[in-house]
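Right, one structure below, let's go through it.
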Amino acid sequence: CYILGRPDAAFYFFENSRAFLLSEGLKFSKMMLEPEKERLAEYRLQLIRKRELLTRLQSTDPNYGRTKEDINGLVIAQEELQRKIVSRRGMFNADPFSDEFEGPVNLKNSILRNHDALIEIFEGDSAVYVWSYDKETMKITKASRPTYDSLVSLYIAGLSKQPTLKSQVATWQEASISLYKLLFKEHRLPKGRIVFSPDRNIIPFECLVTGFEANKPQYLLHRAALSYTYSAGYLQEVQETNGAASRAVFTGFAPVRFSPALKLNALVGSDQSLQRIENGFSESAVHVGKRASRAAFIKGLGSSNIMHL
């Protein structure tokens, strides 16, 4: 699609591949026993922590090799458990492509009716493809996967462990603006509301540095309000299900401080920011501090049109 210059065909492929993965993921979840769900969740949590640790280690550090071995062992254990679950019955028999898919021409009357642009990202083995549509122009571009992976690691590491030295801040800012240019340099990201549909790497695009003014970094959140969706097709279905007359229920979460085991910086002032946002909605529910729990988040998924984290 990229070589042929067919962003409309690329969008069709992105959407159907996401729909297929979501469908099979739901089937996979239904096939799992409760202990298997807990083991898979533990494997995924350990992989996140080990990969984050690896980004902070030098290749000469003795722990670097051991951490890589731990990651490989966790990946193998996770795949073996998944194969065991899948073997209980065949999963991939359904055709992932549907003739009922309406295509990007209907986006103007659905998602883009209340948003200014839609961005989808597809991560291939050797390249990353970025698709965008801003009501007027549809475009697809290609970026190097190794460069993307390297910049994402630096970007996430800087967000999860706040840089303290001036040189560390400069390194993070350079990685942030480089990632922004790599993905979006050739795309028009308008001011207003933008919907992002990321692939495997779900990163906070709001913090990407877009440039500098008076030596101060300018972030993407300064020019656009971002929201995220699994896929455009899923978002369209949710909008149609809720209907035009559905209530705009707002649910917000601000844990402010996290468990010491997570080694995350406190989000000072996030509770005050959430209270200000809440004032703009007639019906809302906010969860601050310990009330901003996983259980409250899951409950909100089924009852809220807008989720703010």
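The backbone N or O of Ala157 lies less than 3.5 Å from no partner atom in the side chain of Thr55, so there is not a single donor-acceptor pair. Between the side chain of Ser150 and the backbone N or O of Pro146, no donor-acceptor pair lies under 3.5 Å. No donor-acceptor pair closer than 3.5 Å links the side chain of Thr147 to the backbone N or O of Ser144. Between the side chain of Ser153 and the backbone N or O of Asp149 there is at least one donor-acceptor pair closer than 3.5 Å. In this structure, Arg223 contributes its side chain and Leu189 its backbone to a donor-acceptor pair below 3.5 Å. Between the side chain of Thr67 and the main chain of Lys50, no donor-acceptor pair closer than 3.5 Å is present. Side-chain atoms of Arg145 come within 3.5 Å of backbone N or O of Gly124 as a donor-acceptor pair.
Taking both residues in full, the closest heavy atoms of Leu226 and Ala224 are given as CD1-O, 3.5 Å, listed atom of the first, atom of the second, then distance. Nearest approach of Leu57 to Asp61, heavy atoms of both residues: CD2-OD2, 3.7 Å. Residues Ile194 and Pro190 come closest through the heavy atom pair CD1-O, 3.6 Å. Nearest heavy atom pair, residue Ser176 against residue Cys207, reads OG-O, 3.5 Å. The nearest pair of heavy atoms linking Ile121 to Asp199 is O-CB, 3.3 Å.
Side-chain atoms of Val268 and Val256, non-hydrogen and from C-beta on, never get closer than 4.5 Å to each other. A 4.5 Å side-chain heavy-atom check between Leu47 and Gln78 finds at least one atom pair inside the cut-off.
Scored by the side-chain contact (heavy atoms from CB on, under 4.5 Å) test, Ala77 finds Tyr43 as partners (sequence neighbours excluded). Applying the side-chain hydrogen bond (donor to acceptor under 3.5 Å, both in side chains) criterion to Arg291, with sequence neighbours excluded, gives no partner residue. Checked against side-chain contact (heavy atoms from CB on, under 4.5 Å), Thr171 has no partners two or more places apart in sequence or in another chain. Residues satisfying the ring-ring contact (aromatic ring centres under 6.0 Å, His included) test with His287, not counting sequence neighbours, are Phe253. Applying the ring-ring contact (aromatic ring centres under 6.0 Å, His included) test to Tyr219 and every residue at least two apart in sequence or in another chain returns His222.
By the neighbour-count criterion of 12 heavy atoms within 6.0 Å, atom CD of Glu174 is sparsely surrounded, having that number or fewer from other residues, nucleotides or ligands. Around the NZ atom of Lys142, the shell of radius 6.0 Å holds no more than 12 heavy atoms that belong to other residues, nucleotides or ligands. Counted within 6.0 Å of CZ on Arg294, heavy atoms from surrounding residues, nucleotides or ligands total 12 or fewer; the atom is thus considered open.
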Counting only pairs under 3.5 Å, give me each side-chain donor-acceptor contact of residues 180-187, with atom names and distances, residues two or more places apart or in other chains.
{"from": "His187", "atom 1": "ND1", "to": "Ser132", "atom 2": "OG", "distance (Å)": "2.6"}
{"from": "His187", "atom 1": "NE2", "to": "Val130", "atom 2": "O", "distance (Å)": "3.4"}
{"from": "His187", "atom 1": "NE2", "to": "Thr141", "atom 2": "OG1", "distance (Å)": "2.7"}

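In this structure, CD1 on Ile71 lies 10.5 Å from CD on Glu69, to the nearest 0.5 angstrom. Rounded to the nearest 0.5 Å, atoms CG (Leu74) and CZ (Arg51) are 8.5 Å apart.
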Could you go through the side chain to side chain donor-acceptor pair (under 3.5 Å) check for Tyr148 and Glu123 one step at a time? CA-CA 9 Å; Tyr148 170 77; Glu123 299 175 13; 2.9 Å; yes
Report the C-alpha separation of Arg66 and Asp70 in whole Å, then their side-chain angles, then the decisive distance to 0.1 Å, and conclude whether the salt bridge (charged side-chain N to carboxylate O under 4.0 Å, His left out) test is met. CA-CA 6 Å; Arg66 287 195 288 269; Asp70 291 343; over 6 Å; no
Take Gln173 and Val169 through the side-chain contact (heavy atoms from CB on, under 4.5 Å) test and state the conclusion after the steps. CA-CA 6 Å; Gln173 288 179 346; Val169 173; 3.7 Å; yes
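Of the charged side-chain nitrogens involved, none lies within less than 4.0 Å of a carboxylate oxygen, so that Asp116 and Arg193 do not count as a salt-bridged pair.
Aromatic pair Tyr155/Trp172: ring centres closer than 6.0 Å.
Between the side chains of Tyr133 and Glu120, no donor N or O sits under 3.5 Å from an acceptor N or O.
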